[in-house]
Amino acid sequence: MTSESPKTVRVAAVQAEPEWNDLQKGVDKTVRLIAEAGNNGTNVMGFPEVWIPGIHGTSIWSQSVTDNAEFMTEYFRNSLERDSEEMNRIRAAVKEAGLFCVLGYSERYRGSLYIAQSFIDENGDIVHHRRKIKPTHVERSIWGEGQGDSLKIVVKTSFGKIGGLNCWEHTQPLLRYYEYSQDVDIHIASWPPVFDGGSDKLPYHISGTMSSRLTQVMSMEGACFTAICSQILTEENTTRVKVNGWSFAKAPGGGFSMIFGPTGEPLVEAPDPGKEVILYADVDLEQKWRAKQNLDVVGHYSRPDLLSLRVNTKASTQVELL
């Protein structure tokens, strides 16, 4: 927390269904949700992973690459460019609402896609942009990797120091630790729809329960507030995203949004996993310091003389002029 930050901040975590593979409708819904959160006094708001145009963790898991090629071509066309009129509409909505927003989306850049988060301040400016540093499993057949500049996870804002990661980036201990070293106050955890008890063919660590626990651990380890922002899937859209008949996808469901305090305590009631909702919590940023009296893994509860982390924050490029 900076000296200029307010003591109490209202945090909002989105749980909603995307407008699957429809960029324009996705932008429309995003603008509506931002306005709703702003009208409810939100200061910091988070969206799910690849909220626009919807999560890939549906058809690419249930279909072969060749069977899914046409769907993913449509997905590419409906992914969001960072510098675009569509993004300008979202930025204007954030400015109108007067809040700070971490927007998760499938970023289209030239001929490639990236799992991205843009950090948009209350002036409508993108003050930080990062890409998932390692897409998970079959995601790597669709999305590129973030470079060293995406290791900057936390930005100073009018509402404290805000960080964000996507999905299974939360499983990476070194990445989490590097975020803690950036002194995060509020962490936005962007997640796809993840289902519990869906299929014995997928391991337990791919479940809403384990995904939630990973984020809860971040609150305890980092002595920070965390907001899980997740997607849902409704029954009428199972055919649209090509998962009808796939036992893992239990519709309606997939949501597990939550807000945790800096000792890991839940601050809101868990919503119905199949319902759209924006969760709100008024958080006292000074509670971070009380938590760190017990546990500061990048301070008094560390041994850098024995264990330390090396980091390369330089962004690699395909062409470098010498």
Side-chain angles (χ1 to χ4, degrees), residues 13 46 48-50 57 102 104 114-117 119 128 130-140 143-155 160-192 194 202-230 256-266 288-289 291-316:
E49 185 184 33
V50 291
V102 179
Y114 299 91
I115 299 172
Q117 289 171 310
F119 295 58
H128 183 49
R130 65 176 307 273
R131 295 166 173 171
K132 190 174 185 178
I133 63 168
K134 192 70 174 180
T136 305
H137 202 269
V138 294
E139 292 175 7
R140 294 194 282 274
W143 284 266
E145 297 177 341
Q147 297 298 317
D149 53 346
S150 289
L151 292 178
K152 178 183 178 182
I153 304 167
V154 178
V155 296
K161 297 174 183 176
I162 313 300
L165 294 175
N166 282 299
C167 193
W168 262 23
E169 286 189 308
H170 294 86
T171 68
Q172 300 209 15
L174 302 184
L175 186 60
R176 295 200 311 267
Y177 192 80
Y178 188 53
E179 179 174 356
Y180 306 151
S181 76
Q182 297 172 47
D183 199 24
V184 59
D185 294 323
I186 300 169
H187 171 83
I188 301 300
S190 297
W191 286 88
V194 187
L202 290 173
Y204 184 65
H205 61 210
I206 304 179
S207 66
T209 297
M210 289 306 298
S211 301
S212 179
R213 288 175 180 171
L214 276 169
T215 312
Q216 187 176 22
V217 165
M218 278 200 70
S219 275
M220 177 182 169
E221 283 186 334
C224 60
F225 295 91
T226 60
I228 297 175
C229 310
S230 60
F256 56 98
S257 292
M258 176 54 66
I259 302 174
F260 295 108
T263 61
E265 71 278 19
K288 168 183 176 177
W289 309 122
K292 280 186 175 284
Q293 290 179 28
N294 291 333
L295 184 64
D296 186 355
V297 298
V298 290
H300 64 77
Y301 207 60
S302 65
R303 283 296 303 273
D305 54 325
L306 303 178
L307 298 167
S308 59
L309 175 64
R310 292 188 307 157
V311 180
N312 177 15
T313 59
K314 180 181 178 181
S316 300

Handout entry: Side-chain touch C229/I188, heavy atoms, less than 4.5 angstrom
Key = yes
Handout entry: Test log, rule salt bridge (Lys or Arg N to Asp or Glu O under 4.0 Å), inputs E145 and R131
Key = CA-CA 7 Å; E145 297 177 341; R131 295 166 173 171; over 6 Å; no
Fill in the blank from the handout: Rounded to the nearest 0.5 angstrom, the CD1-CE distance for I228 and M218 is 11.0 Å
Problem - Heavy-atom donor-acceptor pair, S207 side chain to M210 backbone, under 3.5 Å - result: yes
Problem - Salt bridge present between D183 and K288 (N-O < 4.0 angstrom) - result: yes
Practice task
Calculate, to the nearest 0.5 Å, the distance between atoms CH2 and CG belonging to W143 and N166 respectively.
Solution key: 11.5 Å
Exercise for the section: Return yes when atom OH of Y204 has more than 12 non-hydrogen atoms of other residues, nucleotides or ligands closer than 6.0 Å, and no otherwise. Expected result: yes
Handout entry: Presence of salt bridge, E221 and R176, under 4.0 angstrom
Key = yes
Exercise for the section: State whether the number of non-hydrogen atoms from other residues, nucleotides or ligands found under 6.0 Å of H205 atom NE2 is greater than 12. Expected result: yes
Problem - Audit row: L175, I153, side chain to side chain contact (heavy atoms under 4.5 Å, CB included) steps and yes/no - result: CA-CA 9 Å; L175 186 60; I153 304 167; 3.7 Å; yes
Exercise for the section: Carefully, step by step, assess R130 and F119 under the rule side chain to side chain contact (heavy atoms under 4.5 Å, CB included). Expected result: CA-CA 9 Å; R130 65 176 307 273; F119 295 58; 4.1 Å; yes
Exercise for the section: Please confirm whether the backbone N or O of L165 pairs with a side-chain atom of Q117, one donor and one acceptor, at under 3.5 Å? Expected result: yes
Problem - Closest contact, heavy atoms only, N312 versus L151 - result: O-CD1, 3.4 Å
Practice task
To the nearest 0.5 angstrom, please state how far the CZ atom of F260 sits from the CZ atom of R213.
Solution key: 10.0 Å
Handout entry: Set of side-chain hydrogen bond (donor to acceptor under 3.5 Å, both in side chains) partners for S181, sequence neighbours left out
Key = none
Handout entry: Derivation of the side chain to side chain contact (heavy atoms under 4.5 Å, CB included) call for M258 and T215
Key = CA-CA 9 Å; M258 176 54 66; T215 312; over 6 Å; no
Completion exercise
H187 meets the side-chain hydrogen bond (donor to acceptor under 3.5 Å, both in side chains) criterion, sequence neighbours left out, with H170, E179
Practice task
Identify the two heavy atoms, one from Q182 and one from V154, that lie closest to each other, and give their separation to 0.1 Å.
Solution key: OE1-N, 3.0 Å
Problem - Cationic N near anionic O, under 4.0 Å, K132 to E139 - result: yes
Fill in the blank from the handout: So CD1 of I259 and CD of E265: to nearest 0.5 Å the spacing works out to 12.0 Å
Exercise for the section: Rounded to the nearest 0.5 Å, what's the gap from CH2 on W289 to CG on D296? Could you check? Expected result: 8.5 Å
Exercise for the section: For Y178 and L309, work out which heavy atoms get closest and say how close. Expected result: CB-CD2, 4.0 Å
Exercise for the section: Could you tell me whether the side chain of Q172 and the main chain of I133 form a donor-acceptor pair under 3.5 Å? Expected result: no
Problem - Full working for side chain to side chain donor-acceptor pair (under 3.5 Å) between W191 and S212 - result: CA-CA 9 Å; W191 286 88; S212 179; over 6 Å; no
Fill in the blank from the handout: Taking every heavy atom of G299 against every heavy atom of S302, the minimum-distance pair comes out as O-OG, 2.6 Å
Handout entry: Where P192 and F256 come nearest, the two heavy atoms and their spacing
Key = O-CE2, 3.7 Å
Completion exercise
Nearest heavy-atom contact between G264 and Q216 is O-NE2, 2.7 Å
Problem - Under 3.5 Å side-chain donor-acceptor pair for T226 and S219 - result: yes
Exercise for the section: Check whether any side-chain N or O of T313 sits under 3.5 Å from a backbone N or O of D149 as a donor-acceptor pair, and report yes or no. Expected result: no
Exercise for the section: Indicate yes or no for a side-chain donor-acceptor contact from H300 to the backbone of K292 under 3.5 Å, with no hydrogens or angles considered. Expected result: yes
Handout entry: Separation of C167 SG from I115 CD1 (nearest 0.5 Å)
Key = 7.5 Å
Handout entry: Residue pair F225 / D185, side-chain heavy-atom distance below 4.5 Å
Key = no
Problem - Test item: Y180 side-chain N/O and C224 main-chain N/O as donor-acceptor pair under 3.5 Å - result: no
